[in-house]
Every structure is written in C-alpha cells, then in structure tokens.
Amino acid sequence: MTELKTLGLFLVTAVAEIVGCYLPYLWLREGKTAWLLVPGALSLAAFAWLLSLHPTAAGRVYAAYGGVYIFVAILWLWAVDGIRPTVWDLVGSGVALAGMAIIMFAPRDS
C-alpha cells in the first residue's frame with residue numbers, strides 16, 4: 001500500500017508541476033491572458049509542497065520523482081498536445097519508471 005501512495009503522490013506532484021509550467025507557456029507562446037500566471041504560480045507552490053510530503057530523504061525523492069515526471073509529461077504530450085507518443089517515448093518512460101521504482105522501493109537498512 002505504501003508503494004501505491006508514493007506513486008499516487010508522485011503523479012499528483014507531476015501534474016502540479018506540468019500545469020505550473022504550462023500556464024506561463026500559454027501566456028508567453030500562445031498569447032493567452034497573463035492571468036494564467038496566478039494559477040500557474042499556485043500550481044508550482046503546490047508542487048513544492050507535495051514533494052515535501054514524502055517521508056524519505058529529499059535527494060532520493062527528487063531523483064525518483066524525475067522518473068514519474070517523464071512518464072506524466074509523455075501522457076501530457078498525448079492528452080493535451082494531441083501528439084501520440086512514439087514507441088521510443090513509451091520505452092523511455094518505462095525505463096524512467098523502472099528507475100523510480102528501484103530508487104524508491106529498494107530494500108534499505110535505514
């Protein structure tokens with residue numbers, strides 16, 4: 001159960017980070033309203049807070065989180081940008097998730 005909670009927390013964290021970066025992107029690149037910066041900043045604040053909820057060392061959390069971020073970014077590519085991931089995108093995401101699992105769930109003495 002701990003593994004599912006960790007993975008779920010990472011997924012929510014990744015969405016918060018991507019939204020926090022995507023909204024300013026819409027303003028800067030797509031000419032959307034600057035008001036998008038407000039929810040973007042709130043989303044990035046939520047991202048930082050969510051990372052702090054993990055009970056393990058920060059460096060380990062940041063390293064493992066990167067694998068989940070890659071996976072969620074590829075899903076975002078498909079769902080939001082409308083670009084279907086290639087086989088290599090999916091293989092790379094799988095490798096990143098495997099790395100996350102090794103970092104977070106390997107047996108440890110302490």
Check against side-chain contact (heavy atoms from CB on, under 4.5 Å), Phe10 and Leu97: CA-CA 11 Å; Phe10 274 147; Leu97 285 175; over 6 Å; no

Cluster check Val68, Ile70: I/L/V/M/F/W/Y, side chain < 4.5 angstrom: no

Honestly curious: do Leu42 and Trp35 fall in one hydrophobic cluster under the side-chain, below-4.5 Å linking rule? yes

Shortest non-hydrogen contact from [X] to [Y]?
X	Y	answer
Lys32	Trp27	O-CD1, 3.1 Å
Pro24	Val19	CD-O, 4.4 Å
Ser43	Gly20	OG-N, 3.4 Å
Ile102	Arg108	O-NH2, 4.3 Å

Rounded to the nearest 0.5 Å, what separation is found between the [atom1] atom of [X] and the [atom2] atom of [Y]?
X	Y	atom1	atom2	result
Thr86	Asp89	OG1	CG	3.5 Å
Cys21	Trp76	SG	CH2	10.0 Å
Tyr22	Tyr25	OH	OH	7.0 Å
Tyr65	His54	OH	NE2	9.5 Å
Leu75	Trp78	CG	CH2	8.5 Å
Trp49	Leu51	CH2	CG	11.5 Å

If you apply the rule side-chain contact (heavy atoms from CB on, under 4.5 Å), what do you find for Val72 with Ser93, and how did you get there? CA-CA 9 Å; Val72 174; Ser93 295; over 6 Å; no

Check the pair Tyr69 / Ile18 against side-chain contact (heavy atoms from CB on, under 4.5 Å), numbers first and verdict last. CA-CA 8 Å; Tyr69 178 86; Ile18 291 172; 3.4 Å; yes

Verify side-chain contact (heavy atoms from CB on, under 4.5 Å) between Leu26 and Leu23, making sure each step is shown before the conclusion. CA-CA 5 Å; Leu26 290 176; Leu23 295 178; 4.1 Å; yes

Under 3.5 Å: donor-acceptor pair, side chain of Thr6, backbone of Thr2: yes

Could you tell me whether Tyr62 atom OH has more than 12 heavy atoms of other residues or ligands within 6.0 Å of it? no

Do Val15 and Leu11 have side-chain heavy atoms sitting under 4.5 Å apart? no

Do Leu7 and Met104 have side-chain heavy atoms sitting under 4.5 Å apart?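 No, every pair of side-chain atoms sits at 4.5 Å or beyond.
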
